[in-house]
Chemist: 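Below is a structure I'd like to ask you about.
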Amino acid sequence: ELIAGLDAEAAMELLRPVVAMMAREVRRFDGTILRTLGDGIKAVFGAPRAQEGHAVLACQAALAMQAASATMPSAPRIRIGIHSGEVVAGALDTGSAVEQEAQGMTVHLASRIEQLAEPGGTCISRDSRTLVGAYCNTTPLGPQVLRGIPQPIEVYRLIGLRPAIASEQFRGSELVALRGRSMELETLQAALLAAEQGNGSVIAVSGTAGMGKSRLCFEFSEWCRKRQVRVLEARGHVFGHATPLQPVLEMLRAFLGISPFDAPVIAYGTIARRLLGLDPGFAADLPMLCDFLGGP
C-alpha cells in the first residue's frame with residue numbers, strides 16, 4: 001500500500017533503510033539472515049550452528065527492530081513473527097552462489113504468524129514462548145487458525161524483556177534430581193564459606209549449551225538463601241556485547257529493590273532511601289545514579 005503510487009526508485013528509497021535496519025539488528029544479536037526480501041527479511045537464530053538462548057536472541061532482535069523503526073522518520077511500521085522448532089539448515093548451492101538456508105514447517109509457521117501481527121507488533125508461537133517465558137513478557141492472543149496449517153496455533157504478543165530473575169525459570173516446575181554436578185556445587189559452596197572469612201572471589205561457570213549451567217546456579221542460590229545469604233541476580237545476556245551494561249543495571253536494580261516498570265517518582269524515592277540509608281554522603285551521586293537507571 002505504501003509504494004502503490006511510487007515508481008521503482010522511490011519505492012526502493014523508502015524501503016531500503018528499513019530492511020537494512022532489520023538486517024543490522026539481526027546481526028547485532030548473532031542471527032543469520034537467510035534472505036532479504038523487497039520489504040522484509042527472513043532470519044534464523046540457532047542454526048546452522050547451535051546457539052544457547054537462540055529464542056531469546058530472536059526476541060531481543062525483534063524488540064530492537066521495533067524500537068529502531070519507531071525512531072526512523074517516515075518509516076513504515078513493521079510486523080514480526082517468531083516460531084521455534086526443528087529445521088534442516090545448511091549451505092545451499094544455487095549454481096551462482098552458496099547461500100545459507102533453512103527449510104521445514106517451522107519456517108512456514110513463522111511466516112504465517114508474522115501475518116497475524118499488527119503493524120508495529122511482534123507475535124510469537126507457544127513453542128517460542130515456552131523457551132522465553134522466564135525472560136520476556138507476553139500477552140496471549142488465543143488459538144489462531146493459520147492458512148495451510150491443519151490445527152489452530154497458540155499465539156502470543158511479545159511485549160518486552162522481563163527484569164532478570166533467572167531463578168523464575170525453575171520455580172513452579174517439577175525438577176528432576178540434580179545429578180553429576182556435586183563437585184561443581186561443592187566448589188561454589190566452598191567459595192561462599194571462604195568469602196564469609198574475608199576471601200572473596202569471582203567464579204565463571206562455562207560449558208556447552210544444555211549442560212545445566214543455569215540449574216547449577218539455581219541450586220547454589222537456593223543453598224545460599226537457606227543460609228540467610230541475600231542473593232542478587234542479574235543476567236549476562238547470551239549476546240552480551242549488544243547490551244554491555246545490562247547486567248550492571250539489573251544488579252543495581254536488584255540491590256536497590258526497584259523495577260524498570262516502577263513509576264519514576266516511586267523509583268526515585270526507593271533509590272534515595274536505600275542509598276542515603278547507607279551513607280548520607282551518597283546524596284551527591286543520587287542524580288547520576290538515577291539517570292543511569294533510566295529515571296529522572
Chemist: With the side chain counted from C-beta on, respond yes when V26 and R24 share a heavy-atom pair under 4.5 Å apart, and no when they do not.
Modeler: no
Chemist: With a cut-off of under 6.0 Å to the ring centre and 45° to the axis, is R274 in cation-pi contact with F255?
Modeler: yes
Chemist: Is there a continuous path of hydrophobic side-chain contacts, each under 4.5 Å between heavy atoms, that joins L216 to V229?
Modeler: yes
Chemist: Linking I/L/V/M/F/W/Y whenever their side-chain heavy atoms sit closer than 4.5 Å, directly or via other members, would V248 and L232 fall into one cluster?
Modeler: yes
Chemist: Any cation-pi pair here, R227 with W223, using under 6.0 Å and within 45°?
Modeler: yes
Chemist: CD of Q144 to CZ of R112: how many Å apart, nearest 0.5 Å?
Modeler: 14.5 Å
Chemist: Strictly distance-based, threshold 3.5 Å: is any side-chain N or O of S221 a donor or acceptor partner for the main-chain N or O of C217?
Modeler: yes
Chemist: Closer than 4.0 angstrom, basic N to acidic O: yes or no for E9 and R16?
Modeler: no
Chemist: Do you know which two heavy atoms are closest between I82 and A58, and how far apart they sit?
Modeler: CD1-O, 3.8 Å
Chemist: List the residues meeting side-chain contact (heavy atoms from CB on, under 4.5 Å) with L289, not counting sequence neighbours, and say none if there are none.
Modeler: L252, L256, I271, L275, L293
Chemist: Which residues pass the side-chain contact (heavy atoms from CB on, under 4.5 Å) test with A23, sequence neighbours left out?
Modeler: R27, I33
Chemist: Return each pair, listed once, that meets salt bridge (Lys or Arg N to Asp or Glu O under 4.0 Å) where at least one residue sits in residues 55-75; pairs must be two or more places apart or across chains.
Modeler: none
Chemist: Starting from L286, can I reach F282 by hopping between I/L/V/M/F/W/Y residues whose side chains sit under 4.5 Å apart?
Modeler: yes
Chemist: With rounding to the nearest 0.5 Å, note down the distance linking NE2 in H54 to SG in C59.
Modeler: 11.0 Å
Chemist: Take F45 and V56 through the side-chain contact (heavy atoms from CB on, under 4.5 Å) test and state the conclusion after the steps.
Modeler: CA-CA 9 Å; F45 295 78; V56 179; over 6 Å; no
Chemist: Looking at I41 and V19, what are the two nearest heavy atoms and their distance?
Modeler: CG2-CG1, 3.9 Å
Chemist: Please list all pairs passing the salt bridge (Lys or Arg N to Asp or Glu O under 4.0 Å) test where one or both residues lie in residues 132-141, with sequence neighbours left out.
Modeler: none
Chemist: Contact between I203 and S201 at the side-chain level, heavy atoms closer than 4.5 Å - yes or no?
Modeler: yes
Chemist: Under 4.0 Å between a side-chain nitrogen and a carboxylate oxygen: does that hold for E219 and R179?
Modeler: no
Chemist: Can you give me the closest heavy-atom contact between A62 and L158, atom names plus distance?
Modeler: CB-CD2, 4.4 Å
Chemist: Which atom pair, heavy atoms only, marks the closest approach of A64 to E25?
Modeler: CB-OE1, 3.4 Å
Chemist: Are E250 and R253 within salt-bridge range, i.e. N to O under 4.0 Å?
Modeler: no
Chemist: Rest of the hydrophobic cluster containing M288 (Ile/Leu/Val/Met/Phe/Trp/Tyr, side-chain heavy atoms under 4.5 Å)?
Modeler: none
Chemist: Donor-acceptor check, side chain of K42 to backbone of T36, threshold 3.5 angstrom: yes or no?
Modeler: no
Chemist: On a heavy-atom basis, which atom in L15 and which in P76 lie closest, and how many Å separate them?
Modeler: CD2-CG, 4.4 Å
Chemist: Tabulate below the donor-acceptor pairs under 3.5 Å that side-chain atoms of residues 183-194 make, not counting sequence neighbours, or state none.
Modeler:
| from | atom 1 | to | atom 2 | distance (Å) |
| --- | --- | --- | --- | --- |
| T187 | OG1 | M183 | O | 2.9 |

Chemist: Would you please name every residue forming a side-chain contact (heavy atoms from CB on, under 4.5 Å) with E114, sequence neighbours left out?
Modeler: R79
Chemist: Linking I/L/V/M/F/W/Y whenever any side-chain heavy atoms sit under 4.5 Å apart, do M21 and M12 land together?
Modeler: no
Chemist: Roughly how far, to the nearest 0.5 Å, is CZ of R273 from OH of Y268?
Modeler: 11.5 Å
Chemist: Would you compute the distance between atom CG of L131 and atom CD1 of I124 and round it to the nearest 0.5 angstrom?
Modeler: 9.0 Å
Chemist: Linking Ile, Leu, Val, Met, Phe, Trp and Tyr through side-chain heavy atoms less than 4.5 Å apart, which residues share a cluster with V87?
Modeler: V107
Chemist: Are H108 and H83 close enough, and set up right, to give a side-chain contact (heavy atoms from CB on, under 4.5 Å), and what steps lead you there?
Modeler: CA-CA 9 Å; H108 296 291; H83 178 53; over 6 Å; no
Chemist: Looking at A267 and I258, what are the two nearest heavy atoms and their distance?
Modeler: O-CG2, 4.1 Å
Chemist: Sequence neighbours excluded, which residues qualify as side-chain hydrogen bond (donor to acceptor under 3.5 Å, both in side chains) partners of S84?
Modeler: S128
Chemist: In the single-linkage hydrophobic clustering (I, L, V, M, F, W, Y; side-chain heavy atoms under 4.5 Å), do M211 and F220 co-cluster?
Modeler: no
Chemist: With sequence neighbours left out, write down each residue that passes side-chain contact (heavy atoms from CB on, under 4.5 Å) with P17, or none if nothing qualifies.
Modeler: M72
Chemist: If hydrophobic residues (ILVMFWY) are linked whenever their side-chain heavy atoms come closer than 4.5 Å, directly or via other members, who joins V155 in its cluster?
Modeler: M105, L109, I113, L116, L141, L146, I149, I153
Chemist: Side-chain contact, heavy-atom cut-off 4.5 Å: T138 with R157?
Modeler: no
Chemist: Does anything in residues 127-146 form a salt bridge (Lys or Arg N to Asp or Glu O under 4.0 Å)? List the pairs, not counting sequence neighbours.
Modeler: none
Chemist: Does any donor atom in the side chain of T122 or Q66 lie under 3.5 Å from an acceptor atom in the other side chain?
Modeler: yes
